[in-house]
Each structure stands twice: as structure tokens, then as C-alpha cells.
Amino acid sequence: MRMVATSTSLRYFFKPLGIQALADIFPYHRIFEDGMKTESLCLHAGYEPQNGEPRVVPITQSTTFRYESTAAVARLFDLEDAGFFYTRLGNPTVDAVERKIAALEGGVGALCTSSGQAASMLALLNIAQSGDHVVSASSIYGGTFNLFAVTLKKLGIEFTFVDQNASDAELEKAFRPNTRAVFGETLTNPSMDVLDIERFARLAHRHRLPLLVDSTFATPVLCRPFEYGADIVIHSTTKYMDGHALQMGGVIVDSGNFDWTSGKFPEFTEPDPSYHGLVYTTAFGKAAYIVKARVQLMRDMGCCQSPQGAFYINQGLETLPLRMERHCRNAEKAASFLQEHSKVASVNYPRLPDNANKALADKYLPDGCSGVISFSLKGGREAGVRFIDSLKMISLEVHVADIRTCVLHPASSTHRQLTDEQLHDAGITPGTIRLSVGLEHIDDILADLAQALEQA
Ligand code: PLP
């Protein structure tokens, strides 16, 4: 079986080790041709079966791998050779998905994790430690907010939450000498604002800091944040990438573009005692960030994706472009319908002509803004509850980005732990309803919305 490398990932991986021909070191890999379009990468990147091998990426349901000698295993542990030796650190099925997602985002490498939360956690812990500080947009997923404001704070990492639409001068005030990263979401959950990625990248880079973008709702089908200067992209693959509500997962993708050698990130440029003094930037060049996330943090924290889980995610990825197209088209129709309804107070969907984020959406998400809409009813929270409880086909779920249309009331669920002020900063009112438009026929979606609105 051959696992296909993305255009650049393994070149960067091994060049610093002085190894020219990848085949010499890792016969399973070959360089994937550049230039394929997203639809084709979704089907072909990451895995290319050889003569007589399974057409579908096989599930390598094995925690471990056999080697001929202790010396060979020692070289793997010293990161001198590449290869699979323990599924927590790498597995052929998971690897195929990582290569596919790296190719889709245009990165040098990716690391799958057990959930989106694990991806956000590792992505930041790979950069920041106790005593460090991070600037984050305040309009982010409630779980990410808790991770930052509660759990990472307990580990000594401080966060300043900013209004992503504030002026540059206002945003500048959030930066400190110990700031180590900037974080935001391409499309914010649930408020559905659009991050001005280029502006945030410029601000971050002015301070020689990386911009980390959670691009879960956009997926690489709708936006590729690296093209606008983002350095690291995170996804909850639980959402559109899987898309069928089958499998938890997350992924971190490294653009390979950030310079970690400025002196602000000694963990990248000084010897790692846990690998006999290996220096990541020297040994792995452009892939330093993603290799460190895997060999140091995944090794120690263990929040890995399973082979079976990766198989499901791969299934989802194969049809992602088709699904995103329909999600967007259905959501545009549903957003227009809601906007015109007499019981609806406000609708936030960035493709609506009068939406405050329309210009940003035109720039960053020209093909659509996903299936997620946030809206509120004139009757406030009580009307929202009546509306949700009256839906028939559309279900109430703690989920979003599913093929089936679903709704959620963020203030009483995903964002329940936030104070009123934090809710306001996240763009949520007590009456906000998050609608995740699925792939049913639009007539059926609108009919269910209409009859539930009658009851609201
Ligand atoms: N990021 C965003 C934008 C999300 O919507 C979510 C979950 O809803 C997460 C991260 C966390 O992902 P997971 O639920 O896979 O841990």
C-alpha cells in the first residue's frame, strides 16, 4: 500500500535530515502532483493504491507495527527515520486523512486529534506555556472560550478577548510582550461573523506572532485561510468534514510559513531534552510546528484519532465539496425566508445583501457561508423556545454542520457557562437560535420553519 504525500509535506519533513529521495527512507510515500483542484483532492489525496491493493483507504486496525531490529526502532524513537511504530503517534489510515486535509488547506502537514477541542488545545500548547499570553477574538465557539478562559488559564496561559471588528488601534492595545499567538474563527460559531483574516494576520505578524484560525464552518472548500496569511488552521472534523454526525475529531494544519526563529519561541529553537537535544527548526525546517505538535504533545497527551474514526472522516471528506455547495444554497434560501418573516427580529447570514459582514464574506467566502444561520424572534427567548419545540422534521441537537437540518439555543446549551456580558461579546442574545441547514429538499426545510414560526 502506498500512502500519497501531499505536495510538500514530506519534502520538508526529511530534507533537513539530508535525505533527498523519500523512497530511500519511506517506501510507502511518494510526492503527490501539485495542482489538483479541491474536488479531486477530496477523492485522491492521501492514498494511492498500488496494483491489486484496496481501492478504498484501508482501516489499519492495529495499535502497533513490527520491526526487524532494535536499531530500527531506536532510529524511529530518535526521529532519525520516519515510519509507524505506535498508533498514538501515527497510523496509516489516520496518516492518509492528515495528508488529504493538509493538501486541501495547502499546508506542509497536519495532525488529526480525537476532537476539535483537542486540536485547539494542542495547537495553543504547542506555542504557549505558563506565563504566556494569547489574543483571541471574543466571538468563538463556547467550548473554545471555556478551554481558553478557564482551563488554559489554570495552566498559567492568559487570554485577552477582543472584538474582532474593533479598529487596529484598539486591537493593538491587547498585545503584550509575552503574547505568543492570535486566535479567531473564519466564520464565528454561532454568531456567523466573518473574521478579517488578512487584517488579523497583519496584526499578528507585526508582533512576530502566528495567527491561528479555526476554520471549522468554512472548511477548505469555502475558504483556505493560508492564502490570506493565517499560519495554523484548526478544524473540528466532527462538523462538515465528517458531516454525517458519525465521528468526533479534530485536525491541526501547519502552513509551514511562520518563522519560529525570532527568539519568541525557544521551544522550537532550543534543544528538546526529551529527544536527546533535538532542535525542531533545525531538524524539520518548515514542518517544525506540526512535527513538534505530534512528537512532543501527542506523545505526551495522547488525544489521538483512531483508525476507524479516520476512515469515517475520509468518507465524509470525499463528498465535502458537493455537500458544502448544497448546504450553502439551502442556507441562502432559508436565510432569505427567515428575514422576510414577520415574526423574525434579525437574521445573521453573511451572504444576505444587507448583512454587516457581506463585504468580508465576498472576499473570504465567495462561494458561500456554510449552512449555519443565526437568528432571533421578535418574541425573544420564550418565542424561540416555542419555535424550537414546534419543529417536526428539523431536530433539536447539540450539533451543527450535519447533513440533517438541526437547531440549537446556544444561551441554554453550548454557551450556557458564559455570563450575559460574555454572551454579548460572543454575539449571542438570550433569544439567538442557531439553525444548521442540511441537505433535505429546501421546500421541506422551509415548510417546517414556517409551521413552527406559526406556533412561536
Ligand atoms: N470549533 C468550532 C467552531 C466548533 O463549532 C466546535 C464544536 O462545536 C469545536 C471547535 C469543538 O469541536 P469538537 O466538538 O469536535 O470537540
Side-chain angles (χ1 to χ4, degrees), residues 94 97 101 105 110-125 136-152 161 164 183-195 197 212-223 225 230 232-253 301 303-306 309-310 312-313 316-317 324 327 348 350 364-365 369-374 396-402 406-418 426-428 432 434-437:
V94 182
V97 173
I101 297 173
E105 288 289 5
L111 174 66
C112 279
T113 57
S114 53
S115 68
Q117 286 299 94
S120 300
M121 176 185 73
L122 293 192
L124 275 168
L125 289 182
S136 170
S138 56
S139 304
I140 51 174
Y141 166 60
T144 311
F145 184 85
N146 285 334
L147 168 69
F148 291 175
V150 180
T151 299
L152 292 186
F161 294 97
Q164 65 188 46
F183 184 95
E185 291 178 2
T186 305
L187 273 168
T188 63
N189 178 7
S191 56
M192 292 304 283
D193 290 327
V194 180
L195 182 72
I197 300 171
L212 280 63
V213 172
D214 179 334
S215 208
T216 296
F217 282 5
T219 81
V221 172
L222 300 178
C223 179
I232 307 297
V233 162
I234 297 152
H235 292 277
S236 163
T237 61
T238 318
K239 305 296 172 318
Y240 286 117
M241 284 191 175
D242 163 28
H244 297 73
L246 291 177
Q247 180 60 44
M248 297 297 299
V251 69
I252 307 169
V253 192
M301 302 205 154
C303 42
C304 57
Q305 183 54 272
S306 69
Y312 290 134
I313 295 163
L317 285 169
M324 292 314 291
H327 279 297
N348 200 11
Y364 294 111
L365 299 139
C369 287
S370 85
V372 187
I373 299 169
S374 77
L396 171 60
E397 285 170 28
V398 182
H399 190 41
V400 64
D402 187 16
C406 54
V407 282
L408 186 78
H409 179 230
S412 63
S413 54
T414 50
H415 292 68
R416 192 177 176 78
Q417 317 306 339
L418 273 60
I428 301 165
T432 297
R434 187 183 69 188
L435 174 67
S436 173
V437 181

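As the structure lists them, so they are numbered: ligands from 1, and atoms in each ligand from 1. All residue numbers refer to positions in the sequence shown, counting from 1. The figures that follow rest on heavy atoms only: side chains count, while hydrogens, waters and symmetry mates do not.
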Query - Partner residues of Y312 under the side chain to side chain contact (heavy atoms under 4.5 Å, CB included) criterion, sequence neighbours left out - result: L246, Q247, Q308

Report task. For D402, check salt bridge (Lys or Arg N to Asp or Glu O under 4.0 Å) against everything at least two apart and list the hits. Result -> R404

Requested in this report: For S374, enumerate each residue passing the side chain to side chain contact (heavy atoms under 4.5 Å, CB included) test, keeping only those at least two apart in sequence or located in another chain.
Outcome: N348, T432

Query raised in the report: V253 versus S215: any side-chain heavy-atom pair under 4.5 Å?
Result: no

Query - Check: T186 and F217 side chains under 4.5 Å, non-hydrogen atoms - result: no

Quick one: table the atom pairs, ligand 1 N or O against protein N or O, below 3.5 Å, distance rounded to 0.1 Å.
unit_1	atom_1	unit_2	atom_2	d
ligand 1	1 (N)	D214	OD2	2.6
ligand 1	5 (O)	N189	ND2	2.7
ligand 1	8 (O)	K239	NZ	2.9
ligand 1	12 (O)	S236	OG	3.1
ligand 1	14 (O)	K239	NZ	3.4
ligand 1	15 (O)	G116	N	2.8
ligand 1	15 (O)	S236	OG	2.8
ligand 1	15 (O)	T238	OG1	2.6
ligand 1	16 (O)	G116	N	3.1
ligand 1	16 (O)	Q117	N	2.9

**Report entry** Note, L187 side chain near M192 side chain (heavy atom, < 4.5 Å)
**Finding:** yes

